Every structure is written in C-alpha cells, then in structure tokens.
Amino acid sequence: RPEEQTMARFDPRVTEPKWQKAWDDAGVFQATRDADKPKYYVLEMFPYPSGRIHMGHVRNYTMGDVIARYKSSTGHNVLHPMGWDAFGLAAENAAMAKGIHPATWTYQNIADMKAQMKPLGFSLDWSREIATCHPDYYRHQQAMFIDMLDAGLIYRKNAVVNWDPVDMTVLANEQVEAGRGWRSGALVERRELTQWFFNISAYSEELLEALEGLDNWPAKVRLMQENWIGKSRGLEFGFDRVDGGDPISVYTTRPDTLMGASFVGISPDHPIARALEAENPEAAEFVAECRKGGTTEEAIETAEKLGFDTGIRVRHPLNPDWELPVWIANFILMDYGTGAIFACPAHDQRDLDFCRKYDLPVIDTFFAQDNPAPVTDTAFVPPKTDKVHWVDHFAGLDVATGQEAIDATIEYAESHGWGQGVTKYRLRDWGLSRQRYWGCPIPVLHCDTCGVVPEAKENLPVKLPEDVSFDIPGNPLDRHPTWRDAPCPKCGGAAKRETDTMDTFVDSSWYFARFTAPREDTPTNLADAEYWMNVDQYIGGVEHAILHLLYSRFFARAMHKTGHLPAKCAEPFDALFTQGMVTHAIYTTRDENDRPVYHFPEDVEIHESGARLGATGEAVEIIPSAKMSKSKNNVVDPLNIIEAYGADTARWFVLSDSPPERDVEWTASGADAAYKHLGRVWTLCDRIAAMDPAQTGEGDDDLMREMHKTIRDVTMGVESFGFNAAIAKLYAFTNTLAKSKAGAGAQKTAIRTLAQLMSPMTPHLAEEIWSHQGGDGLIALAPWPVADAAMLIEDTVTLPIQINGKRRSEITVPKDMAKEEVEKLALADKAVVKALDGGAPKKLIVVPGRIINVVI
RNA sequence: GCGGGCGUGAUGGAAUGGUAGACAUAUCAGACUUAAAAUCUGAAGGGCCCUGUGCCCGUGUGGGUUCGAGUCCCACCGCCCGCACCA
C-alpha cells in the first residue's frame, strides 16, 4: 500500500484527472487533416465490450499511447482512435441468462468500459468513437455487402457446418468441445446449410505474395498466414472406372509414388458417396456414422480410420490391367482438392494405417539410400530434397531427388495427356452467415418471383428489430412475427428477409478505414482515406495473427475493388506489433482429494522459506507467470491498481519489466517499485525546484552528457519498441541526477528533459513536473528533445585491454589519440608487460574507441 | 506429423561480433527512528588461494568460424507457440 506521506506530496488521484481535463479542454488529441504535417495513424485492436477492462487492455493501449504521444511530439499529425467490436455471442448469452436485451447490455458495457479507460489518460480521439453494433456503422457494412455481391466477391452455396440440434444454430469450431455444443452439451452434427461466402480464396495467391512486402510485420505472423493459405503444387488426374462411369478425379502432391497406389479413397461427402447413400442402406449407415462427431480437432484426433468398400473398381493410369478398389474413407475432406485421393500406404502414414486395418496391399516403390528397410508399421515418406531411388523404375526415369521426381512425373502425365500439374490452396472461402440475432443483418430478400435480391441501398440500414425474446433457443429473427416481411426491391411483391447475420469478423475487417471518416454518409471518404491510411502502426494480440489480419487484408482489397478505398490500401497495416500477455502467479494448496484450491494473492504471505496462507500458515505452491483467469483467482483488476497507485504507475509498470512482445508478470512488488520510483522523481523535481537559480556546482558537463546519451537511448528505445530498455535508461538517468552535484541550471534542464522523456509513458507526472519547473504550455504539445551529437562524444575514453580475448586491464586515453599512440600505451600496460614476459605480441588489434586485444 | 521461437544470477531481464549480468525485484548490511514503516547509503555471478592492482570458471550441452562469440554456423537436449487425417 502506498504511504500516506508520499500521497500528500504527489497524489495521482488529484493530478491525473487535472491533466486529463487540461488535455480535453485544449482538444489536444482531436485529429484533423493537415496537409502540411506528416500524418501518423496508430491503432490498437479495438476491444470487445465485455464490461471490464483488464490488464491486457492496459498494456496494449499504453504501448499505442507511447507511440502516439511520441510521434505527436516529433511533429506528426497523429490519428489515434478507439471504438468497440460490439456484436457477438456474449450479448445474447447475457440476454438468455439475465433477461437483458443484447443492445442494453452492450451499450451499458461500452459506457462502463469507457469510464474505466478514461482515467488511464490515453491520448485518444474520442470524437471518432464507433461501435459496430450501431446502425450508423453497420448500414455502411450492408452497403458494402451489396457492392461486393455485385462485384462477385460474395456468393451463396451449400456448406457443411457444425450444427447444434438443441440450440438450433451453427457453431464455430471453437464453440465445439469434445464433439458437443459448448452451451447445450448436445452432440454436434455435421449439417449442410445454404450459407453466404466471401470469395477470399480467389485472392489466395495475391494474399500470399503480398506477405513478402510486409517488412514491418513479425516474421512469425507472416509465416502463420503463409501456412494458413497453404499453397501446394501437385498433379490432378482421373481414374477411369471399370464400369464406364465418369472418371474419379484425384489430386496429389506426391505423384512420384503413383506406382505404390493401393486404393482410391473418396470423402463421405463426395458425389459418388452421395449417390451410393441413396441406393445402398449399408453405405447410408456408414456415411451417417462419418457425419457424426463434427469437424473439430478433438473429434479428428480421436477418430478411428473408417472405410467402406463401394465395390467400384478403377484402372491405374499407367497400367489399364491394374484395377484398384474405391473406398469411402472418413478421413478424406470434401473441401480440399477434389475430395478424392489415391492412397499410397508405403509412403503415407495415414494411408498405411487404413490399409493395415482393411488388409489392403502395401507396395514399396522407394527406398532411401540410408533407409532401405521395408515398410512395416511406419510409412517411409520420400524427402523432397534428398536423393531417392525408385524400386520399381517409373516410366524409364531413374534416380532423382524427391522434388525432381515429382516434377518429372507431372511432366510425364501432361505429355501423355492423362493429368496436369495444378496449384492448390488450403485457404477456404470465408463463411459469413451466422444464425444469430446480435450481428449485422445480411441485407438481402428472398422473393418467390425474383429469387435472392439485395435490398435497395436507399432502404438501408436493415435494422435489427428490438422486440425480440431469447427464452427459446434458435434465432429470434426467424420467429419474429413481422420483421421478415418486406417488399421485393425488384418486383415490389411480398418477400422475406434473410435472417442470417454476419460473422463479427466482418465488422472488424474495415473499422480501421471507418475511423478515417467516422461520420461520413458513405462507408469511407476517399480524401480522408487517402490522407490517413494506411495504419502506420497496428498493435494487438498474436491471437489475431491469422483470421482478423487475413480477413482485413482481403477486405481492404475488396473495398478497393468496390471503390471504397484507394489502391494504396491493399495492405492496410504498414507495421504490426504483437504484444505479450500480462500474467500473474497462481497460488494453490491441495484439498483432501488432492485437487488444487486457488488462493487470492492478498491471502498469501511470501516468506524466504516459501509462501504460506496468511490465515492458517499452510504451505502454498506458486505457479509463476500464468494467464490471468477468474477461476484461478489470479486476476489483477486495473481499476484497483489505478485507485491505489494511479494510472502512471500502471502504465510504467506494464512497460518496464519485460520486452513488449513477451509476457510480463504482474507482481505487487513490481507495481510498488514503479510507484516508489515515480515518487522519487517527483521528490527530485521538488528539490530541484527549490534550488537557488544562481547556485553553481560541479559536474554540469557530465550531467549534460548523460542527459544527451539518455535522450539518444530513450528515443531509440521508443522507436524500436524497446520500452523496457528505454525505461531502464530513465531509471539510470534518474539515479545519476539524484546524485549529481551540478548547479541549478544544469539540474533544471535535466529534470525538464527527464519529464519530457517520461511523458509518453507517464504523461500526468510529466505534465506536473513540467508546470512545476516553469515549462511552456502543455508538455503534451512540447517538441521531443534532440540529442546533441557533440555532447555524445567523450573527451576521454576507457578502453578495455584483452589478452588473447580475455579482459585483463584497461587504459583511459583521449578520444582522438592516434592508433599508434594507443598501441604504444597498451604494450606498456602492466598486465600486458607481465603477460608478454619480454616477448613480442603475435598480433595487436586496436578498435578505436572500443577495445584493444593483444594476441600472444 | 509439419512449421516457428526461446534457453543469461534467487527472479524479470540488459548487452550494433568488442569490459556479460545494465535497470529493477527479492536478499543482506548500515544510517535515521524509542521502535517499525517510509526514506537514504552500500554489498552482492560461482569458485580458489599466497587476501590482491591476484587467479580460475561462467550465457542449456558438445563442436566450429573469429584476434575476440550470449550474439554467427553445425549437432544434440529442454521448454514454449502456431497449424494439422490438407492428400
């Protein structure tokens, strides 16, 4: 707990609101276009309005705020907006659980969270605030939906989805736990529904190629997207059916293993399987069995390989006398490749497991030079890079690397006219339909005469009805008495509205563009988009590395195609930074059944001998650095921290202890330390302010040198997201200043500069010091200090002397001393003389200003 | 299975190929105090002995490149993350 004595001298509860009001009154953070200034758009991923801010928000927005304030003080016209990702399932769950309308719940949460964010003193332009659940936002999304539909970027098709039969809705994969709906607990079914899709797969190659240019994105994120898009090159060809039916088309990335084919496998959703399902009860039963269990990871992981022999036989493309059976196999996905494969058990583990189970032949066609053992239970996958040997010489071709073999077989198939090389992508089209109320209505109507018709733009927004109830599962829009009824925009006849709403990822795929003109009558205003876009620095959690960021990249292209963004916005985020979590230790004891019992930090006393429960003295186990979780009792509420220490302390701490891309563990001692340090800086300011301006002292020059070095280092730290290192330099400079015997002039300059360097991190304290030291106006408007290059060069320099690479001594020499002189001095050094023992060095390396190495 | 990242004191971490451990926490000692808290000052990687302006070892392990490696290269061990019946 902070001491009352210190509070009396610097009370954040008084000073922080004071400066926040001063910034507001001066309108410091309101952004307007200004052609004379370079713009800088800094954006943190906007929050979901859960109702409570957490430490992760504090860290994320503090980082953005440091950048925003720094850029502003270096002459940039900064845009730093904030809004709410406000549609989503949680609002409907609250409606069901508590009987509150989703809109009421959401808007109340927004008000609450905004009130919690305000005291943190972020330099946000609240005049641009948007909420995606507001018709003023989603009407533009509906307008763009219609434009994108016209442009062929959106289409409708049947798709297999996770269907919860109790809640009567589609579930995202994340909402399926062990094959059951996360709310209902019902076994999830695979069901085919007509759904709306964004044609994102048409952009696979472009989205993949453009990753190359994203130099200021983490390599990790680029790689994750690359893998997600999943480009592959392979051979597509048909197996002729013995019964003369249409050939079965398959895709393979390893055509070089074709001579090891054992059977042809098709997906349970393949048209042939479908046809068989209708006429063969056994096949129907098998296919039904496959459809159970959903499409989740767990279901896939535990699922046994299941197969059903269709009785159909096909001919091997290289040998018409070689007949292969066609099986339906549960592990084959309809939406990748052609939904059918040829299985090569010797060289694919999955195929091998299947063949061993159903007693199908295993033909070894390769052996590696260092792996000649025949395949038994482990498939041998011929490496693409290594040299491999065909056992069964393939079409006259001999030894090659795996990749050469693949290329050669594709070429062979093409030249013989039975197959062709194709490129495939793993990326699937983005299904945007949700059978949900709390989302953006899809603005189309179903007309008996005209079919599916988009709503006329002048009729937008298609607003959500307010009179809905959530006492029955399912989509309230479906059962609303009148909402669905509307005239067909084409023929004027009676039509029915689409009751699906959009995936909330649509909302977040363009909000960054809306921020550039949040009150415009159209989705964007090209002049504003031209000026403010792209986002110069985007900051958020790595959990959005794939979906949100990929969808946004697609959306920016789609918006350009429909005239809503200029071409330069294809990649909307110039630089991306993914910050780590704020974690906290978990304290546990064990109950009589050896199950963990979680304790709040305030109930635990930490002794040198270990941690104990304050009440009983029972030993407590500490699990360090765990994700904050209510059920683990290790959540730190930012509101409590702000109340106890103030916003500056919270901001300083979340930046100080770890590099920003890594997790930082919240500790009470660390927060205390941050608070104490800020108090020390204030005390220092007080002491310096009380100095007689005429007072002289010693070491003015040294202090100024240190100050300029600190300016250089902190500037570098802020520019390169090295906030923790920048803060360490600020600590060090504060210590130097506190011990300095310099005169009043130098000390005043030093404390004012210190305040400026701290101002992005601790803006309130910085303003307080600034005004205390007679600074001009607001520090938020003061230009960033510039390091004087002349002051960074020392008159003398201390060079370490290494002997054979090990530090043995050092000499201090004038900075511009000639190299020959330094060499002479080094050789005269006592340690060097001793080591040389009268001999001559083999080599003498002098790196000016750096180091001397004597090799003996 | 595929892909990627990371291993530095008791702890979080710092180090453009150039004095390893900055800065902070925890710890210990001292000052102030009747006392405690707060505050201030200082110590501190490990080891050795001949106790010094001394020596040896030290960034997961083993090798390599270099005058010089926490940093670059190779192999191994450990931990973490992402993707995954993707043909």
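As the structure is a computational prediction, the values presented were derived from the model and not from experiment. Chain A is the first sequence line, chain B the second, and so forth, proteins listed ahead of strands; every chain is numbered from 1.
Side-chain atoms of Arg850(A) stay outside donor-acceptor range of the base of U19(B), with no qualifying N/O pair under 3.5 Å. Counting distance only, with no hydrogens placed and no angle test, the side-chain atoms of Lys842(A) and the base atoms of C67(B) include no donor-acceptor pair under 3.5 Å. On a pure distance criterion of 3.5 Å, no polar donor-acceptor pair joins the side chain of Lys676(A) and the base of U39(B).
Checking the phosphate oxygens (OP1, OP2) of A87(B), a side-chain nitrogen or oxygen of Tyr336(A) falls inside 4.0 Å. For C56(B), the OP1/OP2 oxygens have a side-chain nitrogen or oxygen of Arg808(A) closer than 4.0 Å. An OP1 or OP2 oxygen of G13(B) is reached within less than 4.0 angstrom by a side-chain nitrogen or oxygen of Arg662(A).
Of the P atoms belonging to U53(B) and U61(B), the separation is 33 Å, rounded to the nearest Å. Separation of the P atoms belonging to G78(B) and A87(B) is 29 Å when rounded to the nearest angstrom. A gap of 33 Å separates the C1' atoms of G63(B) and C49(B), to the nearest Å. Taking atom C1' on both nucleotides, C83(B) is separated from C28(B) by 50 Å, rounded to a whole Å. A distance of about 37 Å separates the C1' atoms of U51(B) and G62(B), rounded to the whole Å. Of the C1' atoms belonging to C76(B) and C86(B), the separation is 32 Å, rounded to the nearest Å. Taking the C1' atom of each, A22(B) and U33(B) are spaced 34 Å apart, rounded to whole Å. Taking atom C1' on both nucleotides, C50(B) is separated from G45(B) by 24 Å, rounded to a whole Å.
Nucleotide A75(B) has U61(B) as its partner under the Watson-Crick or G-U criteria, with both atom distances under 3.5 Å. Taking a pair to require two hydrogen-bonding distances under 3.5 Å in either a Watson-Crick or a G-U wobble arrangement, A43(B) pairs with U27(B). Across all strands shown, G18(B) forms a Watson-Crick or G-U wobble pair with C67(B), both key distances being under 3.5 Å.
Taking the six-membered ring wherever Trp is involved, the centroid distance between the rings of His677(A) and Tyr731(A) falls below 6.0 Å. The ring of Trp666(A) has its center closer than 6.0 angstrom to the ring center of Phe653(A).
Between Lys843(A) and Glu665(A), the residue whose closest nucleotide on RNA chain B is further toward the 5' end is Glu665(A).
Looking at heavy-atom distances under 4.0 Å, Asp351(A) makes no contact with the nucleic acid at all. Contacts of Val855(A) with the nucleic acid, taken as non-hydrogen atoms under 4.0 Å apart, involve only primed sugar atoms and P, OP1 or OP2. Residue-level contact check: Lys739(A) touches the backbone only, with heavy atoms under 4.0 Å from sugar-phosphate atoms and none from bases. Using a 4.0 Å heavy-atom cutoff across all strands shown, Lys424(A) reaches no nucleic acid atom at all. Counting non-hydrogen atoms under 4.0 angstrom, Arg428(A) reaches a base of the nucleic acid.
Side chains of Tyr425(A) and Ser232(A): no donor on one and acceptor on the other come within 3.5 Å.
The side chain of Asn724(A) sits closest to A14(B) out of A14(B), G54(B), A87(B).
Distance, Asn227(A) CG to G4(B) P: 8 Å, rounded to whole Å.
Using a 30° and 60° split on the angle between ring planes, His544(A) and His548(A) fall in the perpendicular class, above 60°.
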